[in-house]
Amino acid sequence: MLLLLASLTFPPDMAAVQAELRRMPVPVTASAAPVFDAQALWEAPIPGLDNVEARRYQAEAERLSARGLDFSSVFSGLAGHLLRSPRTASSPRQEIASLFRGLIRWTRHGAAPSFQGRADWPLHFIYGGYIAATYGNAAAEAAALAKEEKDSLTPGNTFDLDDYAVTLIGARWSVLALERPQDLPLWAAGAKALSLLPALPFGRLPQGRQPQPVLLQRVRAFVRSAL
């Protein structure tokens with residue numbers, strides 16, 4: 001099934017978020033607030049984290065990492081696993097979600113990958129991809145913004161525009177994997193790779209500051225051009 005909201009939009013369309021959530025095969029947990037709370041997606045339990053498919057992706061990530069491969073190469077290997085899985089043809093959204101669940105399991109079991117020298121960016125990428133595959137692209141976009149807004153109000157933390165960008169890159173990867181499955185062989189072969197993405201140029205805002213919409217639009221344009 002194709003995601004209907006491939007383009008990045010600002011501000012997040014809450015009606016679109018609610019519509020996507022109603023279509024998702026995995027509903028928001030019953031403990032979630034009746035009104036959509038984008039921040040809660042970062043903290044909610046992850047349905048299916050222990051399923052067989054997620055464990056397979058975790059095992060493959062561990063195997064590749066044990067060979068000394070970096071995060072980009074591990075992810076390319078998992079793209080190959082996704083490409084070879086018969087479930088990708090019949091249930092692409094669910095299989096992409098399993099890939100990201102496998103990466104979540106991998107990091108929760110001690111893996112500490114880095115991306116562009118940052119240890120937190122693989123997690124932003126992974127959760128952006130997972131949220132988009134599980135709850136929809138609009139929900140992932142809203143979650144990315146909510147996460148940084150909360151950080152900006154937390155003492156000692158800030159709105160990190162690069163964190164925001166990496167989360168959106170993960171979400172967009174899920175979108176494109178559904179919409180352009182013909183590109184998966186390129187990811188599996190390394191012709192497309194996370195290591196080939198441009199350096200993230202935006203940085204952090206001062207503590208307590210929120211970005212103007214024009215700055216968020218610049219970040220989102222960067223994400224569109226990067227993938």
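In this chain, residues are counted from 1 in sequence order.
In this structure, a donor-acceptor pair under 3.5 Å is present between the side chains of Glu95 and Tyr57. Side-chain atoms of Trp121 and Asp162 include no donor-acceptor pair closer than 3.5 Å. Side-chain contact of Ser152 with Gln210: a donor-acceptor pair under 3.5 Å is present, judged by distance alone. Side-chain N/O atoms of Ser73 and Asp70 include a donor and acceptor closer than 3.5 Å.
Side-chain atoms of Glu141 and Arg220, non-hydrogen and from C-beta on, do get closer than 4.5 Å to each other. Side chains of Leu145 and Tyr164 form a contact here, defined as non-hydrogen atoms less than 4.5 Å apart. Counting only heavy atoms from C-beta outward, the side chains of Leu41 and Ile131 approach each other to under 4.5 Å. Side-chain atoms of Asp50 and Arg55, non-hydrogen and from C-beta on, do get closer than 4.5 Å to each other. Side-chain contact between Trp106 and Glu60 is absent, with no heavy-atom pair separated by less than 4.5 Å. Looking at Tyr130 and Leu103, their side chains never come closer than 4.5 Å, going by heavy atoms from C-beta outward. Considering only heavy atoms from C-beta on, Lys147 comes within 4.5 Å of Asp151 through its side chain. Taking 4.5 Å as the limit, every side-chain heavy atom of Arg63 sits out of range of all side-chain heavy atoms of Leu69.
Grouping the Ile, Leu, Val, Met, Phe, Trp and Tyr side chains by contacts below 4.5 angstrom, directly or via other members, places Leu123 apart from Leu168.
No side-chain donor-acceptor contact under 3.5 Å links Ser85 to the backbone of Leu82. Side-chain N or O atoms of Thr88 include none that pairs as donor or acceptor with a backbone N or O of Arg84 at under 3.5 Å. The backbone N or O of Ala119 lies less than 3.5 Å from no partner atom in the side chain of Ser114, so there is not a single donor-acceptor pair. Side chain of Gln94 to main chain of Arg87: no donor-acceptor pair is present (N/O by atom type, distance under 3.5 Å, no hydrogens or angles). A side-chain donor-acceptor contact under 3.5 Å links Asp160 to the backbone of Asp163.
Taking each heavy atom of Ala144 and Thr167 in turn, the nearest pair found is CB-CG2, 3.6 Å. When all heavy atoms of Ala171 and Asn137 are compared, the pair lying nearest together is CB-OD1, 4.0 Å. Of all the heavy atoms in Ser90 and Pro92, the pair that sits closest is C-CD, 3.6 Å. Shown here for Val223 and Ala165, the closest heavy-atom pair between the two residues is CG2-O, 3.7 Å. The two residues Ala38 and Ala146 have their closest heavy-atom pair at CB-CB, 3.7 Å. In terms of heavy atoms, Gly190 sits closest to Ala193 at O-CB, 4.0 Å.
For the atom pair Ser174 OG and Ile169 CD1, the distance stands at 12.5 Å (nearest 0.5 Å). Considering CD1 of Ile126 and CG of Leu99, their distance stands at 9.5 Å, rounded to 0.5 Å. In this structure, CH2 on Trp187 lies 7.5 Å from OG on Ser72, to the nearest 0.5 angstrom. Rounded to the nearest 0.5 Å, atoms CG (Leu178) and CD1 (Ile96) are 3.5 Å apart. Residue Leu64 holds its CG atom at 6.5 Å from CG of Leu78, rounded to the nearest 0.5 Å. Between the CZ atom of Arg209 and the CZ atom of Arg204 there is a distance of 15.5 Å, given to the nearest 0.5 Å.
A centroid separation of less than 6.0 Å is found between the aromatic rings of Phe222 and Phe202.
Within a 6.0 Å radius of CZ in Arg218, no more than 12 heavy atoms belonging to other residues, nucleotides or ligands are found.
Among the candidates Leu161, Val166, Val219, the single residue satisfying the side-chain contact (heavy atoms from CB on, under 4.5 Å) test with Leu200 is Val166. With Gln58 as the fixed residue, the side-chain hydrogen bond (donor to acceptor under 3.5 Å, both in side chains) test singles out one of Arg105, Arg101, Glu53, Arg108: Arg105.
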- [ ] Begin from the C-alpha positions of Glu179 and Arg172 and carry the test salt bridge (Lys or Arg N to Asp or Glu O under 4.0 Å) through to its verdict.
- [x] CA-CA 10 Å; Glu179 293 197 334; Arg172 185 159 169 81; over 6 Å; no
TODO: Would you check, one step at a time, whether the test side-chain contact (heavy atoms from CB on, under 4.5 Å) holds for Phe115 with Phe125?
DONE: CA-CA 9 Å; Phe115 173 60; Phe125 175 82; over 6 Å; no
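In this structure, Phe100 and Phe75 have tilted ring planes: the angle between them lies in the 30° to 60° band.
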